[in-house]
Amino acid sequence: MDVVRVLLCLFSVLVSEKFLVAAFSQSLVSDFTFTLPAGRRECFFQTMKKDASLEIEYQVLDGAGLDVDFSLSSPTGHVLYSDHRKSDGVHTVETEDGDYMFCFDNSFSAVSEKIIFFELLMDSMEQEGEESEDWKEYVHGTDMLDMKLEDIMDTINSVKARLGKSLQIQTVLKAFEARDRNLQESNYDRVNMWSMTNMLVMMLVTGVQVYLIRALFEDKRPTRT
C-alpha cells in the first residue's frame with residue numbers, strides 16, 4: 001500500500017509540473033524608473049484583457065517639488081483618473097479588451113527634470129476555464145491520498161500570492177527610500193551652501209567693523225616736530 005501511495009505522489013508531482021506555469025501566470029508585476037525632462041510629457045501603453053484588473057502605483061523620486069501630473073485613459077480614450085501635481089498615487093481599474101494609456105506630464109516645470117518610478121500589477125490575465133477542467137481529470141485519481149492535488153495547488157497558489165505581495169511591498173519601500181534619500185541629499189547640499197554663504201557674510205561684516213573701529217580711533221592730525 002505504501003508503494004502505491006508513493007507512486008501516486010510521484011504521478012501527482014509530474015502532473016502538477018505540467019500546470020504550474022499556467023497557474024502561476026495569473027498575476028503579473030512590472031516596474032520601471034525613468035527620467036522625465038522639464039516641459040515634457042511621456043505616455044506608456046499596457047494591453048489588457050476583459051474582466052482583468054490593472055493597478056498602477058507611481059512615485060516621484062527626485063526633482064524640484066517632487067510632483068507630476070498623471071492621467072490614466074481607457075482604450076476608448078476616456079480619462080479614468082487624473083492627478084494634478086502629486087508626488088505619488090495608486091489607481092486600480094477593472095479592465096476591458098484594449099490598450100490602456102497612462103501619462104506623466106512635467107510641462108508645468110521649465111527647468112527641473114523628474115525621476116519617476118511606477119509599478120503595474122495585472123491580475124487575472126490568463127483564462128482559467130480550460131485549465132480547471134483539465135485539473136478535474138487528475139483529481140479523481142488521487143482521492144485515496146490524504147491531500148489532493150487541488151489542495152496542494154491551493155496552498156502553492158496562496159504562498160505564491162503572498163510572496164508576490166511581499167515583493168511588491170519591498171519594491172515600493174525601495175522607491176520610498178530612494179525618494180527620501182534624494183530629498184535628504186538635496187537638503188544637505190542646500191544647508192551647506194547657505195552655511196558657507198553666511199560664513200562669508202559674517203567674515204566680511206567682521207572685517208568692515210574692524211576697519212571702521214580702527215578708523216574712529218586713528219589720529220589723522222599732522223605731527224609737529
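Here, residue 1 is the first one in the sequence, and each next residue gets the next number. Values in this document were obtained by computation on a predicted structure and should not be read as measured data.
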Check whether any side-chain heavy atom of [X] sits under 4.5 Å from a side-chain heavy atom of [Y], and report yes or no.
X	Y	answer
Leu120	Phe32	no
Lys49	Asp97	yes
Val68	Lys86	no
Gln46	Met122	yes
Asn192	Met196	no
Tyr188	Gln184	no

Cluster check [X], [Y]: I/L/V/M/F/W/Y, side chain < 4.5 angstrom:
X	Y	result
Tyr81	Phe118	yes
Met48	Phe45	no
Phe44	Val60	yes
Leu54	Phe117	no

Do other residues, nucleotides or ligands put more than 12 heavy atoms under 6.0 Å from Met193 CE?
->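 Yes, enclosed.
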
So, for Phe104 and Phe34, is the gap between ring centers shorter than 6.0 Å?
->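 Judged by ring-centre distance (under 6.0 Å), Phe104 and Phe34 do meet the cut-off.
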
What about the rings of Tyr58 and Phe70, do their centers lie closer together than 6.0 Å?
->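 Yes: the rings meet the under 6.0 Å criterion.
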
Is there a donor in the side chain of Asp83 and an acceptor in the side chain of His91, or the other way round, less than 3.5 Å apart?
->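 Judged by distance alone, the side chains do pair up.
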
Between Asp99 and Thr47, do the side chains contain an N or O donor and an N or O acceptor separated by less than 3.5 Å?
->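 Asp99 vs Thr47: donor-acceptor pair found between side chains.
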
How long is the straight-line distance from [atom2] of [Y] back to [atom1] of [X], given to the nearest 0.5 Å?
X	Y	atom1	atom2	answer
Thr35	Ile116	OG1	CD1	9.0 Å
Glu119	Glu57	CD	CD	6.5 Å
Arg85	Ser109	CZ	OG	8.0 Å
Leu204	Met199	CG	CE	14.0 Å
Asp31	Leu121	CG	CG	11.5 Å
Glu42	Phe102	CD	CZ	11.5 Å

What heavy-atom pair brings [X] and [Y] nearest, and what distance separates the two atoms?
X	Y	answer
Pro75	Tyr100	CD-CZ, 3.5 Å
Pro37	Asn106	O-ND2, 3.2 Å
Thr92	Ser53	CG2-OG, 3.7 Å
Ser112	Ala64	OG-N, 2.9 Å
Lys114	Gly63	CD-CA, 3.8 Å
Thr33	Leu61	CG2-CD1, 4.1 Å

So, does Ser73 use its side chain to make a donor-acceptor pair with the main chain of Gly77 at under 3.5 Å?
->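 Not confirmed, Ser73 side chain does not pair with Gly77 backbone.
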
Apply the test salt bridge (Lys or Arg N to Asp or Glu O under 4.0 Å) to residues Arg181 and Glu185: give CA-CA distance (whole Å), side-chain angles for both, the deciding distance (0.1 Å), then the verdict.
-> CA-CA 6 Å; Arg181 181 178 180 84; Glu185 291 179 351; 3.2 Å; yes

Less than 4.0 Å between a side-chain N and a carboxylate O, is that true for Asp69 and Arg41?
->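 Asp69 and Arg41: not salt-bridged.
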
Under the salt bridge (charged side-chain N to carboxylate O under 4.0 Å, His left out) rule, collect the residues that match up with Asp88, sequence neighbours excluded.
->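 Arg179.
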
